[in-house]
Amino acid sequence: MNSARSGGSLRDLRQSNSLHVLDLIVGQGPMHRAEMARRLGISRTTITTITRDLMERGVLVELSERADGGDEIDGRAGDQLAFHPMAGWIAGMSQVLDRICVRITDLTGHEVSSAEGPIGAKDEWQLRAEAAVYLLDRALKEGGGDRSDLLGVGIGLPGQINPVDGIVHGALADQPWHGINARQEMNRRLELPVFIENNVRLEAIAEAKWGAGQGIRDLMYVSMSSGIAAGFLFGGELYRGSVGGAGELGHVSIDVNGAACRCGNRGCLVLVAGAPAILSRLEATLGPSATMNDVLAANAAGDRPAQNVLAEAGSTVGRLLASMCNLLNPQRIVVGGQTSLAGAVVLDPLRESIIRYALTPSAALEVVASDLGGGPEAGAAGGAALALSKLTSSPEMLARLLQGSRAQ
């Protein structure tokens, strides 16, 4: 046998097994060597060789006790392996109409720093890109680092994001990023691996990893805010649709004879249950300059008009979600976004509509409030989770991890 070829094959195998080890820790968290060997079907000797190399590189570290507080494995309570806190950082950011949020985490998901700032609702995409870069650098500086510490960035934007080419598109041509290759533009500015996703889908990812959707294989996340949109996880995998357009609930027509919507349809859900529609209906009592914060405050104070309008919004969204349940049969629906912060006045009518109109037995479907609140803060957390999930499939991220650990 050719020894050079044999040696190369062995290196390839070890590299492959190393990626499997990193995949396990990305997906499952800290883990004992014996557990790794069992899950991967390889010998403990091989696992020991791989993990020793990763520890020497500053990628992994051995914990002194079980991170999850679980039972002993092979008589040992500790000796779990986890990502070294200084192995590298991940960034997530999310943009909505008037705000940008950034979150920096280590590879275990622990927050290092964060930043947020306002953006003009009519600002063009170039200004939004520059503001995002400024906030990212500010957060890195506050965390004691710079861009060289980042392995990758997950970015959430409104609109339909084509997963193939990164171009933002959709029916609403007046959205700031419409027609722009956001992945290319942000990659050019940051000179880092960049992953672009719809901002609501990032909120769904965050809920699945850290919030009310943990452990749920078939999850629907619904955001009720200025727009109404959904993120879906089927079998634990994010569903985007063929061109990234899945989840546009706000532009489902619920009344074909209703008012015209700027998307070109009539009677869209957003015209009844979106934040601008809620504010318009409450203008007589709250005034023309009222915001959703004013609506939430009025609701908390027992204002009947505000409560009635919010309840109708919840009931209307619930009727549409009942049809979605008949089509998709999720195990749990998580409701987030600013409107959902009104609490029971929105969520109770929403649940009642689903129970009344969905074929799914109520005992087989949970409808719960978001643990993370929704919005760009949750989207930024989801952006970090998205980037982390790409760690072993992105050659550039992997190279940065193995070559540039802060722990070395």
Side-chain angles (χ1 to χ4, degrees), residues 26-29 90-96 99 101-105 108-111 114 116 154-158 161 195-241 244 246-250 273 314 317-318 320-321 324-325 328-344 346-347 350-351 354 360 364-390:
V26 167
Q28 306 297 324
I90 295 290
M93 64 173 68
S94 184
Q95 297 189 19
V96 292
R99 199 152 56 101
C101 290
V102 174
R103 187 185 190 205
I104 311 293
T105 75
T108 68
H110 291 130
E111 184 174 306
S114 62
E116 66 172 277
I155 301 175
L157 300 174
I161 317 296
F195 308 95
I196 304 292
E197 186 54 87
N198 173 268
N199 58 311
V200 172
R201 281 200 281 271
L202 288 188
E203 294 171 30
I205 291 173
E207 290 290 344
K209 190 169 183 64
W210 293 300
Q214 291 182 76
I216 303 300
R217 299 285 292 170
D218 296 305
L219 175 71
M220 182 189 301
Y221 170 79
V222 178
S223 173
M224 296 179 62
S225 192
S226 56
I228 301 173
F232 308 106
L233 282 89
F234 300 136
E237 297 293 328
L238 187 69
Y239 179 75
R240 298 177 174 88
E248 293 283 358
L249 296 187
V317 171
L320 176 58
L321 293 182
M324 298 298 293
C325 289
L328 302 174
N329 189 213
Q331 179 184 349
R332 181 177 295 172
I333 297 175
V334 177
V335 185
Q338 190 176 24
T339 304
S340 75
L341 299 179
V346 170
L347 294 179
L350 187 150
R351 287 192 189 97
I354 293 176
T360 306
L365 173 66
E366 299 174 286
V367 180
V368 301
S370 162
D371 281 347
L372 306 178
E377 296 90 351
L386 175 66
L388 180 59
S389 74
K390 305 294 185 180

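Of the possible donor and acceptor atoms, one in the side chain of R201 sits under 3.5 Å from a partner among the backbone N and O of G244. Of the possible polar contacts, one joining the R332 side chain to the A212 backbone as a donor-acceptor pair under 3.5 Å is found. No side-chain donor-acceptor contact under 3.5 Å links N198 to the backbone of P158.
Counting only heavy atoms from C-beta outward, the side chains of S114 and C101 never approach each other to under 4.5 Å. Put simply, the side chain of E203 reaches to within 4.5 Å of the side chain of S223, judged on heavy atoms. Side-chain contact between N329 and T360 is present, with heavy atoms from C-beta onward closer than 4.5 Å. Put simply, the side chain of L233 does not reach to within 4.5 Å of the side chain of I216, judged on heavy atoms. Using a 4.5 Å heavy-atom threshold, the side chains of L219 and F232 count as separate. Residues I155 and S94 fail the side-chain proximity criterion, which asks for heavy atoms closer than 4.5 Å. Inter-residue side-chain proximity for E116 and E377 is flagged as met; some heavy-atom pair is nearer than 4.5 Å. Using a 4.5 Å heavy-atom cutoff, the side chains of L321 and L249 are in contact.
Residues G373 and L341 approach most closely at O-CD2, 4.3 Å, considering heavy atoms. When all heavy atoms of A378 and L372 are compared, the closest pair comes out as CB-CB, 4.0 Å. When all heavy atoms of I354 and C325 are compared, the closest pair comes out as CG2-SG, 4.3 Å.
Among V96, L202, I196, the single residue meeting the side-chain contact (heavy atoms from CB on, under 4.5 Å) criterion with L157 is I196. The one candidate from L365, V335, I333 that meets the side-chain contact (heavy atoms from CB on, under 4.5 Å) condition with M220 is I333.
Every residue two or more places apart in sequence or in another chain that forms a side chain to side chain donor-acceptor pair (under 3.5 Å) with S370 is listed here: E207.
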Please determine whether side-chain contact (heavy atoms from CB on, under 4.5 Å) holds for the pair E111 and R103, giving the CA-CA distance in whole Å, both sets of side-chain angles, and the decisive distance to 0.1 Å. CA-CA 7 Å; E111 184 174 306; R103 187 185 190 205; 3.1 Å; yes

Would I104 and I90 count as a side-chain contact (heavy atoms from CB on, under 4.5 Å) if you check the C-alpha gap in whole Å, the side-chain angles of each, and the deciding distance to 0.1 Å? CA-CA 6 Å; I104 311 293; I90 295 290; over 6 Å; no

E237 vs R217, side-chain contact (heavy atoms from CB on, under 4.5 Å): CA-CA, chis, key distance, verdict: CA-CA 8 Å; E237 297 293 328; R217 299 285 292 170; over 6 Å; no

Are E197 and R240 close enough, and set up right, to give a salt bridge (Lys or Arg N to Asp or Glu O under 4.0 Å), and what steps lead you there? CA-CA 9 Å; E197 186 54 87; R240 298 177 174 88; 2.5 Å; yes

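Considering CG of L328 and CZ of F234, their distance stands at 4.5 Å, rounded to 0.5 Å. The line from OG1 of T339 to CD1 of I228 is 7.5 Å long, rounded to the nearest 0.5 Å. Here the CG-OH distance, from L238 to Y221, works out to 13.0 Å after rounding to the nearest 0.5 Å. Remark: M224 CE to L347 CG distance equals 8.0 Å, nearest 0.5 Å.
The pair R351-E366 does not count as a salt bridge, with every side-chain nitrogen at least 4.0 angstrom from each carboxylate oxygen.
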